[in-house]
Amino acid sequence: MNTINGRQATCLLLVILSGWSLTMSAANRRDGWIILAIACFFSLLFTALCCLPSERMPAISWFDLPSTAFGNGFGTCYLILLAALAFWSLCMAILNSIIFLRTVSGGEWPVWLLTAAILFCAVCTAQNGIQKLVLWTEPVIWIVVIALIVSLLLSWKQLDWTQLFPVLENGWHGIPFRAYLLLSVPFGEVFYAAAVLGNTSSQIRTGLLRACVLAGVLLCLLYIRNICLLGAEGAKIVLYPSYTAAGVLEFGESFQRGEVLISGSLIVCAIARIALILEFLSGSIQASTGHFTQKQVVWLSAVLAGILCVILAGSNQAFARAQELYQILFLPVVLAAAMILFFGVYGKTKSK
């Protein structure tokens with residue numbers, strides 16, 4: 001069994017969650033950082049729930065827990081349904097990446113080429129198992145975090161703090177629903193990390209909780225930076241506020257090229273997210289069918305998702321509507337899956 005410590009789990013999840021900073025919108029205007037903080041708080045409870053089944057049966061792989069707790073029939077159906085959900089997540093992650101790349105490149109690169117490049121990198125990362133992915137994200141997290149911190153520091157003198165006021169200008173109206181959306185995605189995808197890392201170490205829960213807190217702080221700071229640089233209305237009307245914010249910095253054209261490098265580091269985060277979902281897909285399909293190798297599942301899933309994404313890649317507005325639908329539906333499914341598995345494992349261990 002591979003051993004992954006808490007620090008490595010933190011690096012993996014923090015890389016994945018940090019990638020959201022690139023494509024997060026400012027639709028929530030001045031209150032967005034508050035909504036992010038609320039979502040981050042509840043993500044801690046969700047993360048703890050996701051980790052409990054593996055902690056009660058640490059000797060068993062997470063993907064073997066459903067059949068152990070419920071029997072082969074229900075366990076197989078449980079994993080097949082989650083594999084279908086993960087395939088949806090995979091397509092959304094791919095579309096998110098290629099639409100961003102297509103937009104910032106001015107549409108010069110064909111969708112099929114962007115899709116192939118992203119998936120090739122993700123597959124090469126995922127095909128050799130979670131241990132390789134974790135080792136890959138350890139150095140990457142330093143590049144990502146340093147790039148984001150440098151971006152924050154360079155923009156510090158130009159921040160107009162008055163853009164943050166009035167706070168809660170419309171009261172608490174609508175905030176619970178918007179916090180729900182952010183709890184669902186990006187934070188809800190911690191479900192995949194908890195499953196893949198399930199039985200690798202007793203420190204996984206601590207590592208994942210730490211990553212949620214750090215990601216929440218980082219995302220809140222970047223959201224505040226975007227609002228204070230672009231203004232509440234200005235940040236709302238642009239597609240990618242974190243990317244656009246570089247255009248108003250008074251460091252000349254050279255820094256704008258540096259912002260592209262920062263964006264490049266966050267594309268790596270998107271690749272890590274896709275690789276993690278491929279890892280989950282591989283584990284689910286292997287455990288439910290008893291056939292196929294990890295490489296076979298990873299490559300086949302990537303090819304199918306890639307073809308589908310090339311066909312479906314449309315306008316940014318269409319993707320935004322699809323993303324909101326995904327956020328609405330994703331959390332109830334993974335929350336129900338986590339609770340069902342926990343009670344199943346709890347009942348099995350209690351009876352012994």
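Residue numbers run from 1 in the order of the sequence given. The figures here come from the full heavy-atom set of this structure, side chains too, leaving out hydrogens, waters and symmetry mates.
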Query raised in the report: Do side-chain atoms of Tyr223 reach the backbone of Arg29 as a donor and acceptor pair under 3.5 angstrom?
Result: yes
Query - Rounded distance [0.5 Å steps], OG1 in Thr137 versus CG in Leu12 - result: 5.0 Å
Query raised in the report: Any side-chain heavy atom of Val217 sitting closer than 4.5 Å to one from Cys220?
Result: no
Report summary line: Note: Leu278 and Val298 closest approach over all heavy atoms is CD2-O, 3.9 Å
Query raised in the report: Would Phe41 end up clustered with Phe187 when hydrophobic side chains under 4.5 Å apart are linked, directly or stepwise?
Result: yes
Query raised in the report: Looking at CD1 of Ile35 and SG of Cys40, how far apart are the two atoms once the value is rounded to the nearest 0.5 Å?
Result: 14.0 Å
**Report entry** Nearest heavy atoms of Val310 and Thr115, plus distance in Å
**Finding:** CG2-OG1, 3.8 Å
Query raised in the report: Do the non-hydrogen side-chain atoms of Ile16 and Cys269 ever get within less than 4.5 Å of each other?
Result: no
Query - Side-chain heavy-atom pair Phe87, Ile277 within 4.5 angstrom cut-off - result: no
Query raised in the report: Quick check, are the ring centers of Trp62 and Phe191 under 6.0 angstrom apart?
Result: yes
Requested in this report: Determine yes or no for a side-chain-to-main-chain donor-acceptor pair under 3.5 angstrom, with Ser155 supplying the side chain and Leu152 the backbone.
Outcome: yes
Query raised in the report: Which distance, rounded to the nearest 0.5 Å, do you find between the CD1 of Ile38 and the OH of Tyr180?
Result: 15.5 Å
Query raised in the report: Does a side chain donor of either Glu138 or Gln8 reach within less than 3.5 Å of an acceptor in the other side chain?
Result: yes
Query raised in the report: Should Leu221 and Trp33 be regarded as members of a common hydrophobic cluster, given that ILVMFWY residues are connected when their side-chain heavy atoms come within less than 4.5 Å of each other, either directly or indirectly?
Result: yes
Query raised in the report: Any idea which heavy atoms bring Ser18 and Val144 closest together, and the distance?
Result: CB-CG1, 3.9 Å
Query raised in the report: Can you tell if the side chain of Cys11 reaches within under 4.5 Å of the side chain of Val134, non-hydrogen atoms only?
Result: no
Requested in this report: Please indicate whether Phe74 has more than 12 foreign heavy atoms, meaning atoms of other residues, nucleotides or ligands, lying under 6.0 Å from its CZ.
Outcome: yes
Query raised in the report: Is Pro241 close to Leu230 at the side-chain level, that is, under 4.5 Å between some pair of heavy atoms?
Result: yes
Query raised in the report: Is the side chain of Thr10 donor-acceptor paired with the backbone N or O of Gly207 at a distance under 3.5 Å, no angle test?
Result: yes
Query raised in the report: So which heavy atom on Leu13 is nearest to which on Ala211, and how close?
Result: CB-CB, 3.7 Å
Query raised in the report: Is the backbone N or O of Ala83 less than 3.5 Å from a side-chain atom of Ser284, with the two atoms forming a donor-acceptor pair by type?
Result: no
Query - Non-hydrogen side-chain atoms of Tyr78 and Leu341 separated by less than 4.5 Å - result: yes
Query - Neighbour count >12 (heavy atoms, 6.0 Å) for atom CH2, Trp136 - result: yes
**Report entry** Check ion pair Glu108-Arg102 (N to O, under 4.0 angstrom)
**Finding:** no
Query raised in the report: Yes or no on side-chain contact (heavy atoms from CB on, under 4.5 Å) for Met24 and Ser242, after CA distance, side-chain angles and deciding distance?
Result: CA-CA 8 Å; Met24 68 177 178; Ser242 296; 4.2 Å; yes
**Report entry** Cluster link Leu335 to Leu329, ILVMFWY, side chain under 4.5 Å
**Finding:** yes
Query raised in the report: Cluster question for you: counting only ILVMFWY and a side-chain heavy-atom cut-off of under 4.5 Å, with indirect links fine, are Leu44 and Val190 together?
Result: no
Report task. Tell me, with the steps shown, if Thr3 and Thr200 meet side-chain contact (heavy atoms from CB on, under 4.5 Å). Result -> CA-CA 5 Å; Thr3 300; Thr200 57; over 6 Å; no
**Report entry** From CE (Met92) to OG (Ser97), nearest 0.5 Å
**Finding:** 11.0 Å
Query raised in the report: Judged by modelled atom types alone, do Asn199 and Ser54 share a side-chain donor-acceptor pair under 3.5 Å?
Result: no
Query raised in the report: Any side-chain heavy atom of Val145 within less than 4.5 Å of one from Ile149?
Result: yes
Query - Trp109 with Ile94, same ILVMFWY side-chain cluster at under 4.5 Å - result: yes
Query - Taking every non-hydrogen atom, the tightest pair across Val345 and Pro53 - result: CG1-O, 3.8 Å
Report task. Would you indicate whether Trp88, at its atom CH2, is surrounded by more than 12 heavy atoms from other residues, nucleotides or ligands within a distance under 6.0 Å? Result -> yes
Query - Taking every non-hydrogen atom, the tightest pair across Leu36 and Leu219 - result: CD1-O, 3.8 Å
Requested in this report: Decide yes or no for Phe330 and Glu189: does some side-chain heavy atom of the first lie under 4.5 Å from some side-chain heavy atom of the second?
Outcome: yes
Requested in this report: Examine distances only and state if a side-chain atom of Gln327 and a backbone atom of Arg178 form a donor-acceptor pair shorter than 3.5 Å.
Outcome: no
Query raised in the report: Can you tell me how far CD1 of Ile227 sits from NZ of Lys236, rounded to the nearest 0.5 angstrom?
Result: 10.5 Å
Query raised in the report: Taking it one step at a time, do Trp20 and Leu17 satisfy side-chain contact (heavy atoms from CB on, under 4.5 Å)?
Result: CA-CA 6 Å; Trp20 185 257; Leu17 294 179; 5.9 Å; no
Query raised in the report: Side chains of Tyr326 and Ser89: do they bring a donor and an acceptor to under 3.5 Å?
Result: yes
Query raised in the report: With ring centroids as reference points, do Phe100 and Tyr240 lie under 6.0 angstrom apart?
Result: yes
Query raised in the report: Would you say Glu279's side chain and Ile130's backbone share a donor-acceptor pair under 3.5 angstrom?
Result: yes
Requested in this report: Tell me, with the steps shown, if Leu266 and Ser21 meet side-chain contact (heavy atoms from CB on, under 4.5 Å).
Outcome: CA-CA 8 Å; Leu266 294 176; Ser21 62; 3.6 Å; yes
Query raised in the report: Got a second to check how far Gln286's CD is from His291's NE2, nearest 0.5 Å?
Result: 11.5 Å
Query raised in the report: For the side chain of Arg30 and the backbone of Phe165, is there at least one donor-acceptor N/O pair under 3.5 Å apart?
Result: yes
